[in-house]
There are 2 protein chains.
Amino acid sequence: MSDNLPKPEKQKDLSAAIAERIRQDILSGALVAGDRLPSESELSEAHGVSRATVREALKRLAAQSLIRTKRGATGGAFVNQQSFEDAYAQMASSATLLITLNNVDITTACEARFALERGCVRLAAKHRRDHHLDKMRAEIARQKDPELSDEAFCASDVAFHRALVDAAGNPVLSWQLAAAVEGIEPLMNMLTYRQRDRDAVISLHEAMVEALEARVGARLEILMDYLRDQTLRTALD
Amino acid sequence: MSDNLPKPEKQKDLSAAIAERIRQDILSGALVAGDRLPSESELSEAHGVSRATVREALKRLAAQSLIRTKRGATGGAFVNQQSFEDAYAQMASSATLLITLNNVDITTACEARFALERGCVRLAAKHRRDHHLDKMRAEIARQKDPELSDEAFCASDVAFHRALVDAAGNPVLSWQLAAAVEGIEPLMNMLTYRQRDRDAVISLHEAMVEALEARVGARLEILMDYLRDQTLRTALD
DNA sequence: GTGGGATTAATTGTCTGACATTTATGTAGG
DNA sequence: CCTACATAAATGTCAGACAATTAATCCCAC
């Protein structure tokens, strides 16, 4: 970050260079969501390269969901409205890759997850609505089924916490947290819960819903810490 | 995660489909970092498509920094070790796009940033080392220069908080937070600080370093809340 | 035998031109 | 008015060629 080279954009492939130019046009606002790029033929002429090279550049941008393409008479490449869903999917994918490919240990991952989530609970206590409580209670009910597989239990846990984060009413926060939690899910799926562990988690979930209903953020923070410790104990058995 | 469609991979372009197949091979562990993919000719034959189509698929993967390519006799496409730097760059880019292209207001962005950061300060208090304090003090010294432009002040502020997050000693956390903060930076750069605002921020920074040195996480949380309120006041003047 | 330069082979990067497919639009006929 | 067909524009795919890069190999002079 500190060594921000001013002009290091040589040595690159043409397709990468062209992709970068278009990318800058989008970032700078010269191209805005919905705009149609020139056709591949026009782009190839404008940049002095073949159509194949232009196509490779466009595929790079498409892979980052910066553009989408449509065939047919009114088709072409269009600048994408970077939806929260797109960004979420990308971040979650990024997080999953990073964690699985770098053998991040579950202690580190859990610590990060609970630390991030902890930061949201005061906002959640302030802005929560009844449907958030309903969702969380529904997940708790599901978690009480002793027949539930570890994986399903974990999925329900994720849904529970997602609702908690959504209660903060801040889309940027929901998006960041959801991506982080989903990235960690593969690791969490490797946990095996004894029934005693599950009971402890469920009790904490119930206490959290109560605290959320009463809008007591400080209590939620304490409960989050308990939950983190409980999860780490489960992981280290 | 719940609606994991089993076979929705029709209707797509060949290049996208092939990219997805290779991507799954990487995610599943069939291909690990450092492995060399078959040559473009071999891939085109194996998948029954032309080399141009294979190349478009590879460019998609390269755009996600899942692979890198090298020319020459021992060249080819190699599975990337997904470094924290790569993941960080991607997440930061994602965050920037999301925030700028969706006109997220600065209140929402600030709220999210400080909420996330707040979750880290207890860990930071626990794991901080002297060089973190040194870095933060150095940034404070820079911030005291009244000649500093608003943009430079903001950059120093980012560096200060980055050091704070790094002090938590958790790479996953550092990576998530740094990306979030950098994504918000374009918005923060639009703030104009009066000298009074700057003095207030600097005082809080100094108090934070003291609290961090004394390892008092609770005090750090309170200071973060003050800092958030101060920043929001600056934004809404 | 050894060092160094030329050769060679493998691979990605780029270009060209063609054809297939998709999709909106215009047009003629009922 | 509505349908069916032709048309045009754009992306998607293909085949083949050549350029550029790089490591390994060969060969020859010393």
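From a predicted model like this one, the values you see are computed outputs, not experimental measurements.
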Item to complete: For B:Arg60, enumerate each residue passing the salt bridge (Lys or Arg N to Asp or Glu O under 4.0 Å) test, keeping only those at least two apart in sequence or located in another chain.
Response: none
Fill in: Rounded distance in Å - CZ (A:Phe78) to C1' (D:dA9)
12 Å
Practice prompt. Please state how far atom CD in B:Glu45 lies from atom C1' in D:dG16, giving the value in whole angstrom units.
Written response: 15 Å
Discussion item. Suppose we screen for side-chain contact (heavy atoms from CB on, under 4.5 Å). Which residues come up paired with A:Val79, at least two apart in sequence or across chains?
Written reply: A:Ile26, A:Leu31, A:Asp35, A:Leu37
Anything under 3.5 Å between a protein N or O and an N or O of nucleotides 10-12 of chain D, put it in a table, one pair a line.
residue	atom	partner	partner atom	Å
D:dT11	OP2	A:Glu40	N	3.1
D:dG12	OP1	A:Thr69	OG1	3.1
D:dG12	OP1	B:Asp13	OD2	3.2
D:dG12	OP2	A:Arg55	NH1	3.0
D:dG12	OP2	A:Arg55	NH2	3.4
D:dG12	OP2	A:Lys59	NZ	2.9
D:dG12	N7	A:Arg51	NH2	2.8
D:dG12	O6	A:Arg51	NH1	3.4

Worksheet item: Considering residues at least two apart in sequence or located in another chain, which fulfil the side chain to side chain donor-acceptor pair (under 3.5 Å) criterion with A:Thr108?
Response: A:Asp105
Practice prompt. List for me each residue that meets side-chain contact (heavy atoms from CB on, under 4.5 Å) alongside A:Ala152, sequence neighbours excluded, and say none if there are none.
Written response: A:Leu148, A:Ser149
Worksheet entry | Counterpart residues, side chain to side chain donor-acceptor pair (under 3.5 Å), relative to B:Asp150 (two or more places apart) | B:Arg198
